[in-house]
Amino acid sequence: MEIIYAQAGAEKNEYEGKLDVTHYKVPSYNEIKLIERELNKIILEGRKKNKFYLLRNEAEEKYGFTIYQGGFIPQTKLRIVEIENTDVEACLGTHLDNTLEIGLVKIKSVEKIADGLIRFRFVAGDRVIEEFEDYEEKILDIKNKYNIDINNLNNYIEKISKERDEYNKKLNIILEEYIKNNIKDGKLYVETNLYVSDRIKYILKYKDLINDINLKCKDGIINLKEGEKKVDKFYKKKVN
């Protein structure tokens, strides 16, 4: 996978780091894992970080303007930070002497924060272990709370999904019967605590039987005369 990007900002504290890069899309889960593996591979190779000074024109001529990815530096003499066979930038910040000193890196999340701008949140060193322990604690809490065998978590989720589908089928039958049984002589006058979206498809199903309607829902009133939104021959009027 080829990733073409440019650094657009970075922030680090004792808990996590943030790296903003320009890119046209958020990488997929598999791409993120690939980035993470490649990153840790470079770190574990123990590449040296060389720090030296060059005059601005010399640095630009030798490395190009990508040395300013971390931000423009106004000095005429630039501090250059070079990771062997990896990257070169002008930077006045604190740096280690070898990538091995970083320890493992774990990408926590990747999100789009603006058009063409992607943010990576990550942890490194001992924080990777702390993050793992935090996830482990959450998993154990779920296991104990719901008496779940974590090794069979997929089966448990599949079971819940099937139960939810069955529940929704039964609920749909009940909702449809409720609408159908309350149409009296072409009129539907009822009040409910459900939302319009929960009722409208059943109303549309029996629309030919409805000559007048005043259905009060949690988020609006369905009628045949007025409203902010029209669906078929019905109107939805907001509730004040």
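Reckoned from all heavy atoms, side chains included, excluding hydrogens, waters and symmetry mates. Positions are given from 1, in the same order as the sequence printed here. A quick note: this is a predicted structure, and the numbers were derived from the prediction, not measured.
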| query | Is it the case that Ser109 and Arg121 place a side-chain donor and acceptor less than 3.5 Å from each other? | reply | yes
| Which atoms form the tightest heavy-atom contact between Lys49 and His95, and what is the distance? | NZ-ND1, 3.4 Å
| said: Apply the hydrophobic cluster definition, ILVMFWY joined by side-chain contacts under 4.5 Å directly or through others, and give me every member besides Ile148. | reply: Ile142, Tyr146, Leu153, Tyr156, Ile157, Ile160
| remark: Applied to residues 174-187, the salt bridge (Lys or Arg N to Asp or Glu O under 4.0 Å) test, sequence neighbours excluded, yields Glu176-Lys205
| query | Is the closest side-chain donor-acceptor distance between Asn172 and Tyr202 under 3.5 Å? | reply | yes
| task | Decide if atom NZ of Lys233 counts as having more than 12 heavy atoms of other residues, nucleotides or ligands within a radius under 6.0 Å. | result | yes
| Below 4.0 angstrom, N of the basic side chain to O of the carboxylate: do Lys48 and Asp97 qualify? | no
| query | What heavy-atom pair brings Leu100 and Asn98 nearest, and what distance separates the two atoms? | reply | N-OD1, 2.9 Å
| Lys/Arg-Asp/Glu bridge criterion (N-O < 4.0 Å) met for Lys201, Asp198 | no
| task | Might you point out which heavy atoms bring Asn223 and Glu226 nearest each other, and give the distance in Å? | result | OD1-N, 2.8 Å
| query | Are the charged groups of Glu16 and Lys108 less than 4.0 angstrom apart, N to O? | reply | yes
| task | For the pair Lys25 and Glu31, find out whether any cationic side-chain nitrogen is under 4.0 Å from an anionic carboxylate oxygen. | result | yes
| Within a radius of less than 6.0 Å around CD of Glu163, do more than 12 heavy atoms belonging to other residues, nucleotides or ligands occur? | yes
| Within one Ile-Leu-Val-Met-Phe-Trp-Tyr cluster: Val81 and Phe52, side-chain cutoff 4.5 Å | no
| field | Distance in Å, Glu38 CD paired with Ile43 CD1, rounded so as to fall on 0.5 Å steps | value | 10.5 Å
